[in-house]
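Working notes, structure below.
Every chain is numbered from 1 and lettered A, B, ... according to where its sequence line falls, protein lines coming before strand lines.
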Amino acid sequence: MEEKKRRINSPEERLVKERKDKLKLWMEKEENPYLTRFIPRHTTGWIARKCETVTSGEKTDVKVEIAGRITALRGHGKSSFADVRDAEGKIQIYAREETLGERYFLFKKLDLGDIVGVKGRVFRTRTGELTVEALDFFLLAKSLRPLPEKWHGLQDVELRYRKRYLDLLSNPNTKKIFLDRAAIIKFIRDFLNKKGFLEVETPMMQPIPGGATARPFRTHHHALGEDLYFRIAPELYLKKLVVGGIEKVYELNKNFRNEGMDRLHNPEFTMLEVYSAYSSYEEMMKLTEELVCEVAGKLKGTLKISYQGDEINLSPPWRRITFERALKEMGDIELDFQDTSRLRKTAAGLGLAVEGLRDDQIIEHLLDHQVAPKLVQPTFVIDYPFQTSLLARRKKENSALIERFEIFIGAEELGNAYSELNDPIDQRKRMMEVKGESQSLDEDFLEALEYGMPPTGGLGIGIDRLVMLLTDSASIRDVILFPQMRPKKQQ
RNA sequence: GAGCCGUUAGCUCAGCCGGUAGAGCAUCGGCCUUUUAAGCCGAGGGUCGCAGGUUCGACUCCUGCACGGCUCACCA
């Protein structure tokens, strides 16, 4: 009881109550705002364009009907100013008792955050601000809770992620990032569609999760009585489509991996995978350069970008360096990857945890830890030891290597590609060798390969990371609208 | 999962070597018809993340827990 009383009297509840009382007053004097119909005929952007040439102090005959959220209120006794924001921008509203008569006192009862419709006439104030003088106004939705502070916005990182709507409302840069994200994805689709690639959707729920090595999320299908896994990659399905004659294909959608979360990892993330028949990783390198440059150029108008304090030049051609040389030149590591015990010793000597890791994981760790931090300018690291992927084709000249590359920009891995292994016999053999670890034998996929898959180049690009790069964001959570968070416990 | 750091009013932040809580914005009341981070006068608002402990006394020190950030580990 005591507990309950205290909660109702909390300062926040009092603020809410004040606003609820104003809502009640409005409903007594006017109507239920939640049932009010008001279709704005104009936007703030339209007004700005239309009235660009109006001079300070000038009144116009331009009548407008706009709607938006009140983001500032400045009362002056018998007149008031308000800023109203819509999707395109904001505009000042000027309300006068002389014009609105008895209803002016209702205008003064409006709160920051209220959503209103305004009919009025455009003029420009003495101080040069384009303004709508309100001839009539409507409350369309009452804001019952106070918005974050106008000047600093919402700073609390946790709240920004949990209540993204508040972040979007009060931090212009947040909105910019997500507009940019949408533009980037559109540019990618435009680019690939223009080149004749077909966008497809393949299963998010798979009986055997394949195409990568990662812990999957598991779920259960009741009607089938079967466990299913959220996909960790669409790769095997996309290759089946290449077998089926869809020679240029891509999918741009989510993957799910049940691993740790950090600055670069969210359990669900967006991946682009592209497959092109009768090509190889050579062509995929060109495609990658072209795609990233097209997107960056369209978004930023330049190929010179700044990421976390580093100046990065995306102009092709990007540097290419073999895996072996990269380790040697930048990590001062020279070894035979077949020599497992020396590999582990070298890695341990560099302070890497090797216990419980497979050879291929250690090999990749050497690159990620010793070399990647130095790869700020766009770089293709090519020709990986064959252990690092079981889906990539071997190099003709050296069967210990595979035709694979990874893209590094800004010291972060952005993508991964290879000449796809299309030999079903070698594929089966390699899958058998690692079966029982993180990959199960996917007979469906192997059978598809047995019908014949053309030599194919495949490419994967982490879209969230590309967005991070192009929006200069430090964390993946800054480019995902609702990043995964631990649920807040009640009470 | 481990280490380090953080959590004070609705929001943004101060708060010293332990002495009992401060500002700005927002809110409420008053004045104000071209302001714009409007202004002026006044007021209210806090279980200092949660639970223990030490102490005459804890926002402050200690322990545990919750949530978050960074780093490390798994992964992209």
Practice task
Would you list the pairs meeting side chain to side chain donor-acceptor pair (under 3.5 Å) in which at least one residue belongs to residues 370-379 of chain A, sequence neighbours left out?
Solution key: none
Handout entry: Any N/O donor-acceptor pair, A:Thr127 side-chain to B:U34 base, under 3.5 Å
Key = no
Practice task
Look at A:Lys150 and B:C11 and indicate whether a side-chain polar atom (N or O) is within less than 4.0 Å of OP1 or OP2.
Solution key: no
Exercise for the section: Using the six-membered ring of A:Phe405, assess whether NZ or CZ of A:Arg320 lies under 6.0 Å from its centre and within 45 degrees of the ring axis. Expected result: no
Handout entry: side-chain N/O A:Arg124 vs B:U35 OP1/OP2, d < 4.0 Å
Key = no
Practice task
Check whether any side-chain N or O of A:Arg465 sits under 4.0 Å from OP1 or OP2 of B:A76, and answer yes or no.
Solution key: no
Exercise for the section: Check if the side chain of A:Glu129 and the base of B:U36 share a donor-acceptor pair of N or O atoms closer than 3.5 Å. Expected result: yes
Exercise for the section: May I ask you to evaluate whether A:Arg126 reaches the phosphate of B:U35, defined as a side-chain N or O under 4.0 Å from OP1 or OP2? Expected result: yes
Practice task
Determine whether any donor atom in the side chain of A:Asp262 lies under 3.5 Å from an acceptor atom in the base of B:C74, or the reverse, and answer yes or no.
Solution key: yes
Handout entry: Of the listed nucleotides B:U33, B:U71, B:G10, the one nearest the side chain of A:Arg263
Key = B:U71
Exercise for the section: Using the P atom on both, measure B:U7 against B:C16 and round to a whole Å. Expected result: 12 Å
Handout entry: Nearest-angstrom distance, P atom, B:C61 to B:C5
Key = 12 Å
Practice task
For B:A73, take OP1 and OP2 only and decide whether either is under 4.0 Å from a side-chain N or O of A:His365.
Solution key: no
